[in-house]
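In what follows, a structure is listed as structure tokens, so that the remarks can point back to it.
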Amino acid sequence: MTATYQVHDGVAVITLDHPPVNGLGHATRTGIMNGMSRALDDAAVEAIVITGAGKAFSGGADIREFGTPKAFQEPSLATVIDTIERSAKPVVAAIHSVAMGGGLELALGCHYRLATRQAKIALPEVNLGLLPGAGGTQRLPRAIGLEAALNTIVSGKTMLAEKFAGTGLFNEIVADDVVVAAVKFARTAAERAGPHPKLRDIPVQHAHAEAYLGFARSTVAASAGPYPAPLACVNAVAASLRPFDEGIEAERDGFMSLMNTPESRALRQAFLGERAASRIPDVPADTPTRAIAKVAVIGAGTMGGGIAMNFLNAGVPVTLLEMKADALERGVGAIRRNYENTAKKGKLTQDEVDARIARLATTLSYDDIRDADLVIEAVFEDLEVKKSVFQRLDEVAKPGAILASNTSTLDIDAIASFTKRPRDVIGMHFFSPANVMKLLEVVRGAQTAKDVLATVMQLAKKIGKVAVVSGVCDGFIGNRMIEQYSRQAGFLLDEGALPQQVDRAIERFGFAMGPFRMIDMAGNDISWAIRKRRAVEQPEFNYSKTGDLLCEMGRFGQKVQAGWYDYKPGDRRAYPSAVVDEMIVQHSRDLGIARRKISDEEIVERLVFALVNEGALILQEGIASKASDIDMVYLHGYGFPKFRGGPMQYADEIGLYAVAQAIRRYARGYQGHAWQVAPLLQRLADAGASFND
Ligand code: T1G
């Protein structure tokens with residue numbers, strides 16, 4: 001059982017004890033029920049306190065159980081809460097820390113609730129594509145009123161218990177040991193005559209309920225996008241105006257229908273995937289890590305400055321090294337402007353800006369970074385330049401310093417070979433803008449030490465990144481997959497599509513930005529250079545020539561106000577370009593291809609399945625250790641729509657058999673050699689299995 005039971009002078013204390021967050025899985029629910037039975041059967045017990053051990057009262061239902069028979073196996077959470085509420089003996093919730101989702105709903109079933117001032121409470125189910133399914137939509141309005149409850153449930157936001165002092169949610173907000181206070185409170189409650197208060201008995205009232213709910217529905221519907229949960233939350237809370245048992249039924253119906261939506265499965269997968277990414281199969285969770293008190297960043301360009309800001313924001317001092325004074329000055333100026341802009345938006349106080357800047361040191365000399373615990377180079381993407389940097393670092397960096405490269409495509413093993421300490425070398429691939437994008441690809445070299453890996457993964461969490469471990473290959477995980485995606489985008493132009501149609505189709509699918517708008521922003525000359533390099537290294541890896549023709553026209557993208565689209569000064573919108581369309585149509589003629597009408601569905605399939613198939617190869621080669629890591633890369637680094645969960649999760653929803661069939665169909669078409677079903681994908685499809693099993 002994962003709940004303990006003790007009696008202190010007539011008060012039974014049931015303590016949830018299921019690390020890490022006392023998730024209300026079947027074992028914990030059973031443990032609570034056993035405690036309740038013992039307390040109700042023991043005449044010497046006059047009152048009951050329920051509390052949590054460790055860092056949470058309870059983080060809610062066990063998300064890992066969803067989709068398995070255990071999720072609703074009796075005793076269900078509803079049964080547990082019902083048993084508590086019907087108890088003739090007073091039941092007091094003692095909340096010392098996090099009480100979220102089903103954890104807060106458990107407390108709402110108690111007759112009384114005490115919490116510490118800083119306890120964090122929330123009904124965050126909407127963030128998982130769900131609604132509170134254990135009475136929260138019915139009891140919370142009875143505790144704090146319809147509007148406050150609706151705002152709490154639709155926003156899913158976390159608040160401090162003290163915000164609800166004096167409401168029906170808490171009987172007391174305490175400053176110290178809440179269990180001691182709860183035991184004392186329970187003893188007093190036991191002396192009271194008559195039944196103990198039940199939230200279910202309190203009617204919900206609102207002077208203008210229909211008008212308010214109508215407004216709430218229209219407001220929520222306008223901002224919910226592809227997610228059904230927010231509106232379902234409003235409807236469930238609205239049912240609290242009806243008799244309790246009717247409202248609970250409405251809540252349950254809403255909850256069960258959401259549980260089976262692909263959007264909820266995607267969001268639950270994303271929640272668990274983000275946390276699973278930090279688990280590396282062959283690196284034990286208790287691997288000792290190196291202390292990182294000082295960081296050095298080499299290169300004060302856009303990436304170097306952004307990288308430095310991550311550490312300044314996290315309270316870690318940074319020494320920024322450049323070769324030339326003017327470049328260093330420009331870099332520091334950009335950092336300062338960034339902070340000042342953030343302060344102007346009210347997201348930082350001036351003191352916070354000053355404190356961050358104060359942590360930044362600058363230098364033109366390697367001698368000044370001898371004491372750095374971690375050095376991250378963000379210099380020009382050229383192996384010779386990296387070689388000179390790492391050879392110099394090898395001379396000056398102290399023993400045990402971690403040497404990281406921000407390279408986005410170069411071979412970490414080659415970079416490590418420039419030093420006499422390859423075990424200390426690792427890749428930390430930030431995504432631009434580095435101080436904003438959550439994704440960090442941590443590239444593990446063949447010799448990277450496990451404690452170096454564990455240290456960087458721990459540090460990534462400290463600077464607020466979702467870190468995903470990648471093996472060494474061209475483009476690691478994200479860029480390697482985007483190459484196939486971009487390839488298909490170009491082939492679609494040869495066959496009959498135009499850039500604006502491709503972008504519109506994939507943006508309707510949910511991508512933040514289509515491939516052509518994206519490369520116009522990044523710079524067509526960058527992809528041109530990659531194609532040229534690959535033409536030498538892998539001639540069979542061909543692309544549509546339209547990208548080269550575009551660059552030969554000098555249309556490098558937004559930075560020159562001409563790319564796949566036309567741009568106007570001061571206007572970031574992309575305007576279809578007649579010149580480019582004509583070039584594309586002419587190119588089809590030159591190829592002897594009769595352009596055809598291509599459906600949006602084909603566009604989406606070819607772009608997304610190109611990601612999926614390359615992702616399957618990355619998995620089978622061991623470059624990524626799990627499919628959810630690949631999904632995290634795409635959700636946090638490439639604007640893949642979160643409600644679809646990532647390319648691998650989306651493929652699971654479609655069914656791998658159908659994905660393999662579609663790929664086989666495209667393999668019979670134009671440039672079909674680009675399509676070979678990845679063996680892992682075929683194997684899973686044949687077995688009726690999924691990537692994220
Ligand atoms: N179920 C399963 N595992 C959970 C979990 C949960 N509810 N919450 C956290 N974990 C795991 C997490 O995967 C990680 O595992 C470890 O705990 C630490 O998490 C019926 C249906 C509670 C604020 O949405 O917001 O109740 O990777 O790194 O930063 O109405 O976890 O280490 O093995 O996030 O200290 C509603 C989700 C569920 C809360 C702690 N509850 N959790 O933050 O730790 S649905 C939630 C959180 C529900 C009912 C409905 C946070 C936290 P591992 P962590 P943290």
Side-chain angles (χ1 to χ4, degrees), residues 2 16 18-29 52 54-68 70-73 75-82 95-109 118-140 149 152-153 155-160 229 232-233 236-237 248 251-252 254-261 264-265 267-281 283-286 457-458 460-462 464-468 626 628-629 632:
T2 49
L16 280 61
H18 181 41
V21 296
N22 298 329
L24 294 166
H26 184 261
T28 306
R29 302 195 300 267
K55 71 179 185 179
F57 171 81
S58 169
D62 188 332
I63 302 169
R64 285 190 178 81
E65 259 188 6
F66 292 156
T68 74
K70 279 202 165 183
F72 302 108
Q73 192 176 0
S76 68
L77 188 52
T79 300
V80 172
I81 293 171
D82 204 42
I95 300 172
H96 70 297
S97 176
V98 168
M100 290 189 172
L104 183 59
E105 291 174 297
L106 181 73
L108 289 169
Q118 299 297 309
K120 290 181 181 172
I121 64 166
L123 288 178
E125 288 85 342
V126 70
N127 299 328
L128 298 172
L130 298 170
L131 56 81
T137 65
Q138 307 303 306
R139 290 190 176 89
L140 191 63
T152 301
I153 290 167
S155 69
K157 65 185 175 192
T158 300
M159 290 163 285
L160 297 182
C233 285
V237 171
I248 275 284
E251 174 192 273
R252 181 148 195 78
F255 176 75
M256 292 313 288
S257 62
L258 287 175
M259 179 62 86
N260 298 317
T261 58
S264 180
R265 280 194 291 270
L267 291 174
R268 294 179 339 237
Q269 183 64 29
F271 173 87
L272 294 174
E274 263 182 49
R275 290 153 179 85
S278 55
R279 286 199 294 273
I280 306 161
V283 178
D286 60 358
M457 294 303 280
Q458 183 184 66
K461 204 172 236 179
K462 180 174 181 174
K465 299 296 183 188
V466 174
V468 173
K626 42 192 173 305
S628 59
D629 281 358
M632 292 312 109

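Just so you know, these numbers use all the heavy atoms, side chains as well, and skip hydrogens, waters and symmetry mates. Only a predicted model underlies this, so the values are computations on that prediction, with no experimental measurement involved. Whatever order the structure lists them in is the order used to number ligands and atoms, beginning at 1.
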**Message:** Distance alone, cut at 3.5 Å: any donor-acceptor contact between the side chains of Arg265 and Thr261?
**Reply:** no
**Prompt:** Are Arg275 and Phe271 in a cation-pi setup, meaning NZ or CZ lies under 6.0 angstrom from the ring centre and within 45 degrees of the ring axis?
**Reply:** yes
**Message:** If you apply the rule salt bridge (charged side-chain N to carboxylate O under 4.0 Å, His left out), what do you find for Arg29 with Glu65, and how did you get there?
**Reply:** CA-CA 13 Å; Arg29 302 195 300 267; Glu65 259 188 6; 3.3 Å; yes
**Prompt:** Backbone N or O of Val468 within a donor-acceptor pair of the Asp629 side chain at under 3.5 Å?
**Reply:** no
**Message:** If I take atom CD from residue Gln138 and atom CZ from residue Arg252, how far apart are they, to the nearest 0.5 angstrom?
**Reply:** 13.0 Å
Quick one: table the atom pairs, ligand 1 N or O against protein N or O, below 3.5 Å, distance rounded to 0.1 Å.
from: ligand 1; atom 1: 1 (N); to: Ala61; atom 2: O; distance (Å): 3.4
from: ligand 1; atom 1: 1 (N); to: Ile63; atom 2: N; distance (Å): 2.9
from: ligand 1; atom 1: 3 (N); to: Arg64; atom 2: NH1; distance (Å): 3.2
from: ligand 1; atom 1: 7 (N); to: Gly59; atom 2: O; distance (Å): 3.3
from: ligand 1; atom 1: 7 (N); to: Ala61; atom 2: O; distance (Å): 2.9
from: ligand 1; atom 1: 26 (O); to: Ala61; atom 2: N; distance (Å): 2.9
from: ligand 1; atom 1: 26 (O); to: Gly102; atom 2: N; distance (Å): 2.8
from: ligand 1; atom 1: 27 (O); to: Arg279; atom 2: NH1; distance (Å): 2.5
from: ligand 1; atom 1: 30 (O); to: Glu105; atom 2: OE1; distance (Å): 2.5
from: ligand 1; atom 1: 30 (O); to: Glu125; atom 2: OE2; distance (Å): 2.7
from: ligand 1; atom 1: 30 (O); to: Gly133; atom 2: N; distance (Å): 2.9
from: ligand 1; atom 1: 33 (O); to: Arg64; atom 2: NH2; distance (Å): 3.3
from: ligand 1; atom 1: 33 (O); to: Arg279; atom 2: NH1; distance (Å): 2.8
from: ligand 1; atom 1: 34 (O); to: Arg275; atom 2: NE; distance (Å): 2.8
from: ligand 1; atom 1: 34 (O); to: Arg275; atom 2: NH2; distance (Å): 3.4
from: ligand 1; atom 1: 35 (O); to: Lys55; atom 2: NZ; distance (Å): 2.9
from: ligand 1; atom 1: 41 (N); to: Gly59; atom 2: O; distance (Å): 2.8

**Message:** Closer than 3.5 angstrom, by distance alone: can the side chain of Lys157 be matched with the main-chain N or O of Leu123 as a donor-acceptor pair?
**Reply:** no
